[in-house]
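Some notes on the structure that comes next.
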Amino acid sequence: MSLEPLIKVDDLSVCYGKSLVLWEVSLQVTPGKIVGIIGPNGAGKSTFLKTLMGICPKLSGKVSFWGKPFTKVRKQIAYLPQREEIDWDFPITVFEAALMGRYTKLKFWQRPRISDKAATLDALKKVGLLDLKDRQIGQLSGGQQQKLFLARAMLQEAKLYLMDELFQGIDATSEKVIMEVLQTWKKQGKTLFIVHHDLSCLESYFDELILLNKRIIAHGPTKEVLTEDNIKATYGKSPLLFEEASRLQMNPLG
Amino acid sequence: MLEAVKLLSFNPIFQVPLWTSILICISCSMMGALLFVQKKSLLGETLSHAAYPGIILGGWLFFESLASFSLLFGGVLFTLLASFLIEWCIRKKNMAQDTALSLVLASFWGLGVLLISRLQFAKVAVFREVKVFLFGQAATLNMQDLYLSCFFFFGFVFFLLLFFHPLKAFLWDPKFTSLAGLPVKGAKFLITSLLVCSLVVSMKCIGIVLLMGMLVAPPIFARQFTDKLSVLLVLSGLIGAFSAFLGNLIPLTMIQKGVNLPTGPLIISLASFFAIAAMFFAPHKGYVYKLVQLHKFRIKKQEENLVKFLWKNPEVSLQEIKDWGNRSFLFYFLYKLKKEGFLQKKEGKWSLTSDGLTKASRIIRLHRLWELYLVHQMNLKVDEVHPHAEEMEHVLTEDLESKLEQVLARPSIDPHDQPIPRQ
């Protein structure tokens, strides 16, 4: 039995202004896995996630989820942004912020029901933020902020999770809690894409890796992909040259 | 004063301006709160100024047929135009937000000044009407304005109540809201229309130039007291209403003394005064509150250090305490601790009472627990931990104390092989 690909990307290219960020990326991923997207700074990892959801405009190529465009399946997909993209001064408590995960299930004139609030308390308990539920979100530490995102995503009850730099600036205990949540999701048959910036702990985190640096260097089960050649190809000196050449390509006269 | 209150509450001449300005100020303050949490307050300033040429043109062209509605109509049109222009500059031309806002403000305002210089010769009656919009004049508000502000106020509150949750999501995390499939464009449209209407409705009362104050001061005030958007909105509205009330009352009292005060600027000054006062004196977030807390902590620390000294050196003379160091306010601390029953003085020697001993052993306990925690759980070296524990012994709460006990499995010896006193 062949599983229908959960994500199918064909020849995806993206550019910011005149510089090429992603170049003819094609891949397919089947459900039920934790997939790491690895690459150096400026390799286009975050852009890749955002382009999948149509936040960043693409130059060419096609993206489909379960054979459908993103707009048809958006309720099945949850996105965890990078911490820096959020306004942490906003007057909102941890509980209210997590509750927003349920807004995806409500029509815009509906108010959250009692069951939604109960589910929120439950999700906060699972990530260990129940004691902090009445705090303003800016008073959380980095790890706690990620856990808040996780609780919000949990409440969305999606099938696919796209997470940007989930493990950045996280202490060991938070990491353990987060990993537990991810493993339960995986057991429930959910698929997780996680953008990751360093090379430690890869094997324990991810079932599958995508090595990305403007284009896909390698994609496959973690153990097979994680070779020295592949790493060199991803993190080597080449990106600078590539960038320069692609800029020339976009604008040959200078 | 009492006379003025009576006038305000029974005389219909004063009631119309009073209620109109209260309703306007509530709407404006709540609208300001919506901008404030998005960190887009300057948008209000730009849009209110952009209405100016619209008001002039509206009056110039349609005053005969529409009377004062022509001014509002022109104002709304130009504010909308300005907001689209700003959006276009930022989105399509990649312009920085403050650049786009400055550009639009200056160009529209310039056009307005140009137009008014012609209008004062062309149509004197319209010119007089328009001039009121510049600085506002509550006394010119009539029944028509009251109905308009009332209508807008209830519409505003209705929309807020109906869409509060998606609006909150949009204001905090627009990207999430749009990915979740909630109508982001609708939310943007709603906020822009509410903003445009609240600005134009308020101009005759507060004036274009000062309107900004009503948008920023109340939310700043409210933010000092709350971390919740719903409370922020209500509190902003309340302080706006209070400022409007006082802004109408004070001129009435003053006019009896022969002093003439303009209402609009007074309302703004009051609201700003409340905002600045709150920044200093609000509990928890106010500057003064924080200073007082810091001072209280210093006193507690000094006190506890003195108790600790006496625990280590039972029965000491005053001179010995003086030699120990820490001499600032020494007599005050000795007197205070004695009065509270922690210290006693016998035959010229100071020592701890049994209450004092309990207090001291708790401090020692916290100190040693913390040292142990640093060594065992944080892998610090034994000779590094003392200075940090010196500070933390004054900070740790009972809650943390019991958690420490748990983590360290009720220890009895600290890293320096000293016993940890039990409760």
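Keep in mind that the numbers below use all heavy atoms, side chains included, and drop hydrogens, waters and symmetry copies.
- Heavy-atom distances place both the backbone and the side chain of Leu229(B) under 4.5 Å from chain A.
- Within 6.0 Å of the OH atom in Tyr289(B), the count of heavy atoms belonging to other residues, nucleotides or ligands exceeds 12.
- Enclosure of atom CG in Leu161(B) by more than 12 non-hydrogen atoms of other residues, nucleotides or ligands within 6.0 angstrom is indicated.
- Counting non-hydrogen atoms of other residues, nucleotides and ligands closer than 6.0 Å to OH of Tyr287(B) gives a total of 12 or fewer.
- Among the residues in residues 166-174 of chain B, those with a non-hydrogen atom closer than 4.5 angstrom to a non-hydrogen atom of chain A are Pro166(B), Lys168(B), Ala169(B), Leu171(B), Trp172(B), Asp173(B).
- With a 6.0 Å radius and a threshold of 12 heavy atoms from other residues, nucleotides or ligands, Phe153(B) has its CZ atom above the threshold.
- More than 12 non-hydrogen atoms from other residues, nucleotides or ligands lie less than 6.0 angstrom from CZ of Phe164(B).
- Annotation: Lys117(A), atom NZ; neighbour count of heavy atoms from other residues, nucleotides and ligands within 6.0 Å does not exceed 12.
- Between atom NZ of residue Lys175(B) and atom CD1 of residue Ile86(A) there is a gap of 8.0 Å, rounded to the nearest 0.5 Å.
- A tilted orientation is assigned to the rings of Phe108(A) and Phe163(B), their planes being inclined by 30° to 60°.
- Residue-level contacts of residues 91-102 of chain A with chain B, in order of numbering, are Pro91(A), Ile92(A), Thr93(A), Glu96(A), Ala97(A), Met100(A), Gly101(A); threshold 4.5 Å between heavy atoms.
- Of the listed residues (Leu182(B), Thr177(B), Leu179(B)), the one with the most heavy-atom contacts under 4.5 Å to chain A is Leu179(B).
- Contacts from residues 72-85 of chain A to chain B, taken as heavy-atom pairs separated by less than 4.5 Å, involve Arg74(A), Lys75(A), Tyr79(A), Glu85(A) in sequence order.
- With a threshold of 4.5 angstrom between heavy atoms, Phe36(B) does not approach chain A through any atom at all.
- With a 6.0 Å radius and a threshold of 12 heavy atoms from other residues, nucleotides or ligands, Lys228(B) has its NZ atom at or below the threshold.
- Per-residue counts of heavy-atom pairs under 4.5 Å with chain B were compared for Gln110(A), Lys105(A), Met53(A); the largest is that of Met53(A).
- Interface with chain B: from residues 123-157 of chain A, residues Gln136(A), Ile137(A), Gln139(A), Arg152(A), Gln156(A) qualify, criterion being any non-hydrogen pair under 4.5 Å.
- If you take CG on Asp227(B) and CG on Asp89(A), they are separated by 10.5 Å, rounding to the nearest 0.5 Å.
- By the 6.0 Å contact criterion, NZ on Lys50(A) is enclosed, its count of non-hydrogen atoms from other residues, nucleotides or ligands being greater than 12.
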